[in-house]
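Below: the structure, in structure tokens.
None of the values given here were measured: they were computed from a predicted structure. One is the number of the first residue; the rest follow in order along the sequence. Order of listing sets the numbers, starting from 1, for every ligand and every atom in it.
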Amino acid sequence: MNFSDSELIATILTKQNFQFVDSADQAEVILINTCSIRDNAEQRIYKRVSELQHLRKKNKQLKIGIVGCMSERIDDEKMIEEGKINFLVGPDSYKNISNVIFQSENERVTDVLLSHTETYEDIVPEKLIEQGISAFVAIMRGCENFCAYCVVPYTRGKERSRPPESIILEIQSHIDKGVAEITLLGQNVNSYQFSNNLKIITFPLLLDELAGFFPHVRFRFATSHPKDLSDELLHIMAKHQNICKSIHLPMQSGSSAVLHRMNRKYSREWYLQRIDSIYEILPGCTISTDIITGFCGETHEDHLETISAMKYANFFHAFMFKYSERKGTAAAKTMDDDVSEEVKSERLTEIIAIQTQLSKKHNERDIGQVFEVLVEGVSKRNDLELMGRTTGNKVVIFEGDLKMYPPGSYAKVKIDECSSATLKGCVV
Ligand code: SAH
Ligand code: SF4
């Protein structure tokens, strides 16, 4: 989402005659796009801001601004007061960014108002880096689920969806530049809902329309909230060959008691029943997840329930985090962050080890099978090998050259070996 926002900001500024430079020391303005999800993400930003200060000695006119989620949270404006940064721009104020830059000539400026309606539907973001075969298209913004641990509803504001016509325009512009795979993005992408005078367009309807309208494009989407993962959506995925059979479905915890405290709005049983439906309607679909260890009040038994749910769901991949208390959230206000750092780390290490085993076994089951691989380019490690992805979002490395398999083409690859992260095979 942040990467896609950086492209949006870049597009807005380019239209207003700003130019990009290759390195920070050539810049007159430096924008730092930020994430507030966990404390370590914010700490990295503070460090980066400090590191950039030496450039002010060379260029007294240099302006440094923080954009994105953290702008909504630096309520004491300490960094501004200390003169380390010149401005703050929140996620719904990017259209005003050039005004803020100019205004910051004379004063420190903040524009962090959150909007109920801004979807940037009138802007088709340009690619920041060389256009690969894959592009991200944000279709909704914001979140109002208020999971007890999460800052997103406070930093990104209300949930709002972009009109389908503007999504189609952006996808077409990517296709015109050679993109073969589109990932639809949103904080909760499958909660997408857009109403016009005629009807309500939900995520399954949108996906059905896009997959039919662009039959040669491969579609992915992230992140899905379990509460909105309907059978209707799974049937639409089954209907279209060009919708990838892979779902990122954050579980957070395998314990109903913890899920309840997290305000996730589903139980362990409900989540695992969604997993059953995915495997029933989409055999072979891969599922990945997010897990938090050591949330307030998490007991050893809760932790064991997370492990058993991971095994039951047979995730092929997981992003795993230690709970990080965030100021202003319901958990910070009303619950004790009572699992020690040591126990959080132990539990995290344990689930990472379990997931590594699950991923390895998942990949071992692919040995001997043939997959259609969308080629992305030359493998990073070996010029004689190519790299691509299966519909299940697994990375495949195989011998070949770009003349035969240019980026965006498909290769049929039989898998011979694997690690926990990658499949390796030969073209058949
Ligand atoms: N909207 C998505 C997730 C977006 S945030 C969903 O609800 O499923 C990405 C991930 O960051 C979350 O799934 C969660 O696992 C993690 N996360 C969010 N807040 C966190 C916190 N305070 N501490 C640790 N991890 C957190
Ligand atoms: Fe955060 Fe929950 Fe919203 Fe996801 S659904 S962004 S975890 S509040």
Answer yes or no: are there more than 12 heavy-atom neighbours, outside Lys311 itself, under 6.0 Å from its atom NZ?
no
Just by modelled atom types, is the Glu305 backbone N or O under 3.5 Å from a matching donor or acceptor in the Arg268 side chain?
yes
Does the ring center of Tyr94 lie less than 6.0 Å from the ring center of Tyr120?
yes
Any side-chain to backbone donor/acceptor pair from Tyr192 onto Arg162? Under 3.5 Å, distance only.
yes
For atom 14 (C) of ligand 1, what's the nearest protein heavy-atom neighbour? Residue, atom name and distance, please.
Gln252 OE1, 3.4 Å
Shortest protein heavy-atom distance from atom 23 (N) of ligand 1, along with the residue and atom involved:
Ser324 N, 3.0 Å
Among all protein heavy atoms in this structure, tell me which lies nearest to atom 1 (N) of ligand 1, with the distance rounded to 0.1 Å.
Gln187 O, 2.7 Å
Greater than 12 external heavy atoms within 6.0 Å of His260's NE2
no
Nearest-neighbour protein heavy atom for atom 19 (N) of ligand 1, which is reported as residue plus atom name and distance:
Tyr149 CD1, 3.3 Å
What is the closest protein heavy atom to atom 9 (C) of ligand 1, and at what distance does it sit?
Asp290 OD2, 3.7 Å
Out of Met320, Arg264, Met262, Lys265, who gets a non-hydrogen atom closest to atom 7 (O) of ligand 1?
Arg264
Name the closest protein heavy atom to atom 26 (C) of ligand 1, giving the residue it belongs to and the distance to 0.1 Å.
Arg38 NH1, 3.6 Å
Inspect the surroundings of CD in Gln273 and state if more than 12 heavy atoms from other residues, nucleotides or ligands are less than 6.0 Å away.
yes
As a test of the contact definition, would atom 4 (C) of ligand 1 count as having a protein heavy-atom neighbour under 4.0 Å?
no
For atom 24 (C) of ligand 1, the protein heavy atom that lies nearest, with its residue and separation:
Lys322 O, 3.4 Å
For Phe319 and His317, take the angle between the two ring planes, folded into 0 to 90°, and tell me which bin it lands in: parallel under 30, tilted 30 to 60, perpendicular over 60.
perpendicular
Please state whether Arg264 comes within less than 4.0 angstrom of ligand 2, counting heavy atoms only.
yes
Glu42 with Arg326: basic N within carboxylate O range, under 4.0 Å:
yes
Out of Asp290, Asn188, Ile292, Asn145, the nearest non-hydrogen contact to atom 4 (Fe) of ligand 2 is supplied by Asn188
Mode of Pro153 contact toward ligand 2 - side chain, backbone, both, neither (heavy atoms, under 4.0 Å):
side chain
When you measure from atom 7 (S) of ligand 2 to every protein heavy atom, which one gives the shortest distance, and what is it?
Tyr149 OH, 3.4 Å
Identify, for atom 8 (S) of ligand 2, the protein heavy atom at the shortest distance, and state residue, atom and that distance.
Cys147 N, 3.4 Å
Test applied, salt bridge (charged side-chain N to carboxylate O under 4.0 Å, His left out); reference residue, Asp337; option that passes from Lys344, Lys327, Lys322
Lys344
With under 30° as parallel and over 60° as perpendicular, where do the rings of Phe18 and Phe102 fit, or are they tilted in between?
tilted
Any N/O/S atom, backbone or side chain, of Cys150 lying under 2.8 Å from atom 2 (Fe) of ligand 2?
no
Is it the side chain, the backbone, both or neither of Cys143 that has a heavy atom closer than 4.0 Å to ligand 2?
side chain
Protein contact of atom 8 (O) of ligand 1 - nearest heavy atom, named by residue and atom, plus distance
Pro250 CG, 3.0 Å
